[in-house]
Amino acid sequence: ADILLLGDSFASVLAALRWGRNVYARTAAFLSFQLVVNVTAVLTVAAGALSAGASPLSPAEMLYVNLVADSLGALALATDAPDESVLDGPPPSPDDPILPPHLLKHVAGQAAFQLAVLAALVLGGGAAAIAAGDGLTGEAAANTVTFNAFVCMTLANQINARKVRDEANPLAGAGKNPLFLGVWACEAAVQAFIIAWGGPAFGTVPLGPAAWGACVGLGGLGLVVRRVLVAVGPGPVKAGAV
């Protein structure tokens, strides 16, 4: 009623509904993204420490991953403006979980995918094999490949996390949010800088085109995994559903 009196337009009510639901959607998007990053990072570090006696990710690399997962992730994912799709389905109940079953499906699926890739890299010798493709040998080169692949998968999943209703195209509407695109591009540029010149601080070594291609390819697989997850398992509640 206050909205109608202030705006003298039913469109004001729709705008308020869109923004109210968008706050819920942006919170869910950030949490789903952050859960995947943190679960994957913690289990990877723990598995590496228990199996090889040392973490495949250095403390500086973990700090950067946390920066991507927390501050930069929140800045990127919290800034999408609402569109008409946020009005699809019934309004969320105060008793509903922030992450409904269809989002938990994506969290579990992406975390399982990333853990499987990192297990193959760290425990299966995949990282050393990828580094050898560029003529690089040694533990530092293998750990650099592991770190780079992890961040590439994280950046891909940041794109996935934009959409919280099983939309087919996670990039839909991204052009309307230059802040998201700018933050994502900065994260990618910083990652490239760390790999090329961050050796003294991060313990990395410069990777060649073959290793970079493998890492980016593994990251891109996360987009394919999302398409598979959209097609299976529980979906979001549709309009009119009880």
Side-chain angles (χ1 to χ4, degrees), residues 26-78 97-128 130-131 139-162 164 183-184 187-188 190-191 194-195 198 201-204 214-216 218-226 228-229 233:
R26 294 304 93 213
T27 302
F30 171 66
L31 286 178
S32 63
F33 169 70
Q34 189 184 49
L35 278 173
V36 174
V37 178
N38 288 337
V39 168
T40 305
V42 169
L43 291 180
T44 298
V45 169
L50 291 174
S51 62
S55 168
L57 302 176
S58 70
E61 290 169 347
M62 284 296 296
L63 286 174
Y64 175 66
V65 168
N66 284 331
L67 178 64
V68 172
D70 297 331
S71 304
L72 295 177
L75 185 62
L77 292 171
I98 295 180
L99 294 181
H102 74 277
L103 276 183
L104 290 176
K105 168 189 69 176
H106 286 281
V107 171
Q110 291 291 342
F113 160 69
Q114 293 188 17
L115 285 171
V117 170
L118 291 172
L121 293 176
V122 176
L123 304 179
I130 291 173
E139 183 179 356
N143 287 344
T144 301
V145 169
T146 300
F147 169 60
N148 199 34
F150 180 33
V151 173
C152 287
M153 290 189 292
T154 297
L155 291 178
N157 196 45
Q158 193 173 83
I159 297 173
N160 288 333
R162 290 186 62 247
V164 297
V183 170
W184 193 93
E187 290 171 339
V190 171
Q191 177 64 15
I194 290 173
I195 298 300
F202 290 86
T204 58
C215 293
V216 172
L218 290 172
L221 283 178
L223 301 175
V224 178
V225 170
R226 184 185 187 279
V228 174
L229 292 171

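In this text, all values refer to a predicted model and were calculated from it rather than measured experimentally. These numbers come from the heavy atoms of this one structure, side chains and all, not from hydrogens, waters or symmetry mates.
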(message) Working note: E187 + Q158, criterion side-chain contact (heavy atoms from CB on, under 4.5 Å); need CA distance, chi angles, decisive distance, verdict.
(response) CA-CA 11 Å; E187 290 171 339; Q158 193 173 83; 2.8 Å; yes
(message) Please give me the minimum heavy-atom distance between A161 and A29, naming the atom from each residue.
(response) O-CB, 3.1 Å
(message) Could you report the tightest heavy-atom contact between A141 and A131, atom names first, then the distance?
(response) CB-CB, 3.9 Å
(request) Quick one: sort the F147 and Y64 rings into parallel, tilted or perpendicular, breaks at 30° and 60°. (result) perpendicular
(request) Verify side-chain contact (heavy atoms from CB on, under 4.5 Å) between V190 and V68, making sure each step is shown before the conclusion. (result) CA-CA 10 Å; V190 171; V68 172; over 6 Å; no
(message) Side chains of N66 and N38, heavy atoms from C-beta outward: is any pair under 4.5 Å?
(response) yes
(request) Supply the atom-to-atom distance I130 CD1 to N148 CG, rounded to the nearest 0.5 angstrom. (result) 10.0 Å
(message) I need the minimum non-hydrogen distance between T144 and A140, along with the two atoms involved.
(response) OG1-O, 2.7 Å
(message) So V107 and V39, do their side chains get closer than 4.5 Å, heavy atoms only?
(response) no
(request) I would like to know whether N143 and S58 meet side-chain contact (heavy atoms from CB on, under 4.5 Å); could you show each step before the answer? (result) CA-CA 9 Å; N143 287 344; S58 70; over 6 Å; no
(request) Could you check if a side-chain atom of L118 sits within less than 4.5 angstrom of a side-chain atom of T40, using non-hydrogen atoms only? (result) yes
(message) Is any side-chain heavy atom of R226 closer than 4.5 Å to one of F113?
(response) no
(message) When you compare the side chain of C215 with that of V145, does any pair of heavy atoms fall below 4.5 Å?
(response) yes
(request) Answer yes or no: is there a donor N or O on one side and an acceptor on the other, between the side chain of H102 and the main chain of V164, under 3.5 Å? (result) yes
(request) Locate the shortest heavy-atom distance separating G198 from T204; write the atom from each residue and the value. (result) C-OG1, 3.6 Å
(request) State the OG-CZ distance between S32 and R162, to the nearest 0.5 angstrom. (result) 12.5 Å
(message) Does any part of the side chain of L155, heavy atoms only, come nearer than 4.5 Å to the side chain of I159, both counted from C-beta?
(response) no
(request) Could you tell me whether the side chain of Q114 and the main chain of A111 form a donor-acceptor pair under 3.5 Å? (result) no
(request) Please round to the nearest 0.5 Å and tell me the distance separating atom CD of E61 and atom OG1 of T146. (result) 9.0 Å
(message) Looking at N160 and G222, would you say the former's side chain and the latter's main chain have a donor-acceptor pair under 3.5 Å?
(response) yes
(request) State, with a plain yes or no, whether a side-chain heavy atom of W184 is found less than 4.5 Å away from one of L72. (result) no
(request) Find the distance between CG (L229) and NE2 (H106) and round it off to the nearest 0.5 Å. (result) 5.5 Å
(message) Once rounded to the nearest 0.5 Å, what's the spacing between atom CG of L99 and atom CG of L35?
(response) 6.0 Å
(request) Determine whether F33 and T154 make a side-chain contact, defined as any pair of heavy atoms from C-beta on separated by less than 4.5 Å. (result) yes
